[in-house]
Amino acid sequence: MRVRRSVALLAASVVALTGLTACGGGTGQQANTAGVLNVGMPNGPQSENHNPFLTSSAASSLGYRWMVYEPLVMTNAINPVEFGKPWLATAWEWSENYRKVVITVRDNVSWSDGTPLTAADVAFTYGLLKKTPALNINAIPFGEITRDGNKVTLTFPVSQFVNQVDILSSIVVPEHQWSRMADPATDPVKNPVGSGPYALKTFTPQTVTLTVRDKYWQELPKVKELRYTSYNDNNAQTTALVNGQSEWAFTFIPNYQAVYTSKDPEHNKLWFPPTMAVHGLFINTERKPFDNPALRRAMSKVVNRDDIFHQGEAGYFYPKLENVSAIPTPAGDQFIAEEFKGRNYVIDVAAAKKELLDAGFGYSGANLLDPTGKPVTLTLSNPAGWSDYITDLEIIKDNLATIGIQARVEKANQDAWTTAFDAGQFEASMHWTNPGATPYDLYQSMMDGALYKPVGSAGVNGNWGRFRNAQATEALATYANAADDASRKAAMNTLQRIMVEQMPVIATSAANAGAEYVTRRWVGWPDPANPYAPPQPTLLTALDVVLHLRPAG
């Protein structure tokens, strides 16, 4: 579970980053007198949108929002139970029932336009989330928000035990800019003003350039310029890594040893540490007949997770998910209910067909018919450039054919797909869940009715499949508000039973927070020997990584 954050965390001060040990490197390093770091993502052309709250914006897609805007607390996805690093907050204290937190805001921080950052900005930011549901993607139920000097107090109507990280890792935006916006939920923020060490320099649909500020509350980063390039697909991104055009990326590389690491074993690195989250096929449960759990259970029974791991994910990218509870193992072993221990996913076409026939489905030749006599068809969609997901979908399409489902794979435009998926305007797509210190977050991502929005409504951060089950929503609320571990365990066991019986998502793989990076010109990257942060460039901790980097040699 998440630990209580308190003023004791002052010992984790991050003001001085000068004594960091550089890892990586070696011989053959090249000087980087310009101080440029080239970052890449395989997400295709981007529309200019720097709104840091919107998951569909270019700032979120490429990850540069974390270089412009900063959180109150820097939390670590690969070790979520550890104390967070004080960032814009120097201390925070939760009440015993997790219904109140008092945050102490750091002094001597300024926005990129020179205006001081104060507790008023922090209070404004939380107030903005409270009154703008489209930005409050974690559906935090804010109560009263007050400030006194450099302290901001947040209250909540219910326990926020499970939401501590989401609340404290929230970015902060300047009141003097955001209060003038007509609609912060749609404003593209063409002139971003942040407290981070970088400011926007130029934008094109392919490349975004950030330059270091003259003044920053920490030591200025050694990386003087960040260039984010959005490549058309994974293959283009991999080529850029190999030829030196890109030095940091989160991309899928099939046969990575042959095409990437072996090309320069000394400098071409990758590290993909696991997190408590999963990947799987999210199904729009508001579309018939996929609102029928018998159909979803049958589909899960024929999905070949071994093929998805070895072929789709190249045997390294996303580990195979074993247990029917969808809890990653061994990380989540302690949470698995007794009734599901040792029960792993197995392929059973005969059992899947029997389940369908028992539920009123039928067949016309080899084609599956729903209970009304209509053929069961399904469009499986993901961005064209996400080659591992596309391969996963091709495997799933063939798997579903064994029970008569006529599926097709749609290679979508990334921007269009992101918008449609967020609004529930899809049939089935591979996607990930949110990570957490316990399985609560991954289950919430799959089945929390509190996150439900009707099809066509955007701004969700979970339950993309629009799954509705009152017992699941109640169990999640019980877990979040439980007064003791026994109550939490009972609620967790209920969630596992719903996962197995209702199959809101066909989970296939465990998640990671990894990256490829090149140590030829920059050292100080996180790795298994120095796991100070996950290396993924689109995560909150990307800023922490950049602040650790030093020129090679």
Would you indicate whether Gln425, at its atom CD, is surrounded by more than 12 heavy atoms from other residues, nucleotides or ligands within a distance under 6.0 Å? yes

Under 30°, 30 to 60°, or over 60°: which ring-plane class applies to Tyr316 and Phe272, parallel, tilted or perpendicular? perpendicular

With Arg488 as the cation and Phe161 as the aromatic partner, state whether NZ or CZ is under 6.0 Å from the six-membered ring centre and within 45° of the axis. yes

Is NZ or CZ of Arg305 both nearer than 6.0 Å to the six-membered ring centre of Tyr345 and within 45° of the ring axis? yes

By the side-chain hydrogen bond (donor to acceptor under 3.5 Å, both in side chains) test, which pairs, at least two apart or in different chains, include something from residues 490-512? Glu339-Arg497

On a heavy-atom basis, the closest approach of Thr433 and Leu442 is OG1-CB, 3.4 Å

side-chain hydrogen bond (donor to acceptor under 3.5 Å, both in side chains) contacts in which one or both residues fall within residues 277-286, not counting sequence neighbours: His279-Tyr389, Glu286-Tyr452, Glu286-Arg468

Indicate, with yes or no, if the rings of Trp525 and Trp271 have centres closer together than 6.0 Å. no

Do Trp432 and Trp464 have ring centres separated by under 6.0 Å? no

Parallel, tilted or perpendicular: which fits the ring planes of Trp417 and Trp386, with parallel below 30° and perpendicular above 60°? perpendicular

Flag the pair Phe250 / Phe317 as yes when their ring centroid distance falls below 6.0 Å, and as no otherwise. yes

Taking side chain to side chain contact (heavy atoms under 4.5 Å, CB included) as the test, write out the residues that go with Glu322, two or more places apart. Lys320, Thr329, Asn344

Looking at Lys269 and Asp527, is there a salt bridge between them, counting it only when a charged N and a carboxylate O are closer than 4.0 Å? no

Would you say the rings of Phe309 and Tyr318 are close, in the sense that their centroids are separated by under 6.0 Å? no

Evaluate the criterion side-chain hydrogen bond (donor to acceptor under 3.5 Å, both in side chains) for residue pair Asn51 and Ser57; output intermediate values, then yes/no. CA-CA 6 Å; Asn51 193 316; Ser57 71; over 6 Å; no

Output yes when a side-chain donor or acceptor of Ser457 lies under 3.5 Å from a complementary backbone atom of Lys453, and no otherwise. no

Basic-acidic side-chain contact under 4.0 Å: Glu427, Arg287: yes

